[in-house]
Amino acid sequence: MVETEVLKPDAGGIARASALLRGGGLVSFPTETVYGLGADATDDRAVARVFEAKGRPSFNPLIVHLPDAGAVAGYARLEGDAARLADAFWPGPITLVLPLREGGGLSPLVSAGLPTVAVRVPDHALARALLARAGRPVAAPSANPSGRISPTTAEHVLAGLAGRIEAVLDGGPCAVGVESTIIGFDPTPVLLRPGGLPVEAIEACLGGPLLHRAPDSTINAPGQLGSHYAPVAPLRLNAAAARPGERLLGFGPVEAAALNLSPSGDMVEAAANLFHHLHALDSGGAMPIAVSPIPDTGLGRAINDRLRRAAAPRG
Ligand code: AMP
Ligand code: MG
């Protein structure tokens, strides 16, 4: 449990919120859509804590918030139709799913191991002041426990997350009150989620109709991440020990692990290490990977969900 600070929407509040974010803390902040639950998007542990605080049962990708379009270049490629939409609508309630720039420093938990990242410049003076001051990309899903409705006041945030986050920056009620519209590129623009910016405005800007992603279709669609990050090497879950020819991805005080998600059995550390360790073991070739059992509680559910998808037979 942490004591959740309620910060005022003034210079002191922004300075405190920025310092907490830069130190790996979780800070809820207002945007024009809903309150976000922010973490430094370059800090694996901080991003892992977002999933823990929300009680999310899976590592679905998070939206990265930036103070202006110029800040995107370090993390993603903003070109063509995407650049046109950014020019027309940022700051504003539209999120663009862009090709990830390798080496940009974002935690792989932010993009759930995908080669794309969702970015947005919010149209809210306090949010932009915080983002500019923090000088970090801020990953932020809505600031509510998983499965509950999105918060549009600081009181809503506290009702769901008090004691689980370091602070909430109280900027009063959100103006739009629904989530951002999400656009992906296939490379033709595709509506991934309707939201605060009307589809008609986006179509007028693009000069043609948007494709709509059917909920059960493949790439990019929320909840459809199963096939995305699958290691080349086969995975065997709930392994007591490595068999000959296998490398062990450990959890807890196990012996002979090639890599260990968390020798002390700490779930936040394990989540923070998950994608890094999978990639590292995978780059060693197609040698099978055995994975120690991980308790299916709290963040362990999200870790196991990801491991099960990685272990699932692929066609
Ligand atoms: P929330 O975290 O509740 O604001 O929701 C974020 C939404 O953005 C979810 O529906 C995600 O699936 C979607 N999203 C974020 N990043 C990506 C990505 N790289 N590709 C596809 N969808 C994404
Ligand atoms: Mg949400």
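Read the numbers this way: they start at 1 and go in the same order the structure lists the ligands and their atoms.
Any N or O atom pair closer than 3.5 Å counts here, and Asn60 shares no such pair with ligand 1. Ligand 1 has a nitrogen or oxygen under 3.5 angstrom from a nitrogen or oxygen of Arg56.
The atoms of ligand 1 that sit less than 4.0 Å from any heavy atom of Thr116 are 18 (C), 19 (N), 20 (N). Counting atoms of ligand 1 from 1 in the listed order, those under 4.0 Å from a heavy atom of Val97 are 18 (C), 19 (N), 20 (N). Within the listing of ligand 1, atoms 11 (C), 14 (N), 15 (C), 16 (N), 17 (C), 18 (C), 23 (C) sit less than 4.0 angstrom from a heavy atom of Pro61. Contact atoms of ligand 1 toward Arg193: 4 (O), 5 (O), 6 (C), 7 (C) (distance under 4.0 Å to a heavy atom of the residue). Proximity to Leu114 (heavy-atom distance under 4.0 Å) selects the following atoms of ligand 1: 18 (C), 19 (N), 20 (N).
Rounded to the nearest 0.5 Å, atoms CG (Leu126) and CG (Leu169) are 4.0 Å apart.
Ion pairing of Arg309 with Asp305 is present here, as a side-chain N (NZ or NE/NH1/NH2) and a carboxylate O approach within less than 4.0 Å. A salt bridge is absent between Arg301 and Asp296; no separation between the charged side-chain nitrogens and carboxylate oxygens falls under 4.0 Å. Taking a cutoff of 4.0 Å between a charged side-chain nitrogen and a carboxylate oxygen, Glu246 and Arg236 qualify as a salt bridge.
Screening residues 105-130 for ring-ring contact (aromatic ring centres under 6.0 Å, His included) gives no qualifying pairs among residues at least two apart or on separate chains. Under the salt bridge (Lys or Arg N to Asp or Glu O under 4.0 Å) criterion, the residue pairs touching residues 109-129 are Glu32-Arg120, with sequence neighbours excluded. Among residue pairs with one or both ends in residues 23-56, those qualifying as ring-ring contact (aromatic ring centres under 6.0 Å, His included) are Phe29-His65, Phe51-Phe59; sequence neighbours excluded.
Put simply, no part of Glu179 is less than 4.0 Å from ligand 1, judged by heavy atoms.
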**OP:** Test Val291 against Asn238 for side-chain contact (heavy atoms from CB on, under 4.5 Å), laying out the working first.
**Re:** CA-CA 6 Å; Val291 187; Asn238 295 312; over 6 Å; no
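Heavy atoms of Ile182 found under 4.0 angstrom from ligand 1 belong exclusively to the side chain.
Remark: side-chain polar atoms of Arg22 are paired, donor with acceptor, to backbone N or O of Ala134 under 3.5 angstrom. Listed for the Ser28 side chain is no donor-acceptor partner under 3.5 Å among the backbone atoms of Leu37.
Among Ile63, Leu98, Leu62, the residue whose heavy atom sits closest to atom 6 (C) of ligand 1 is Ile63.
Of all protein N/O/S atoms, those under 2.8 Å from the Mg ion (ligand 2) are Ser142 OG, and waters are not counted.
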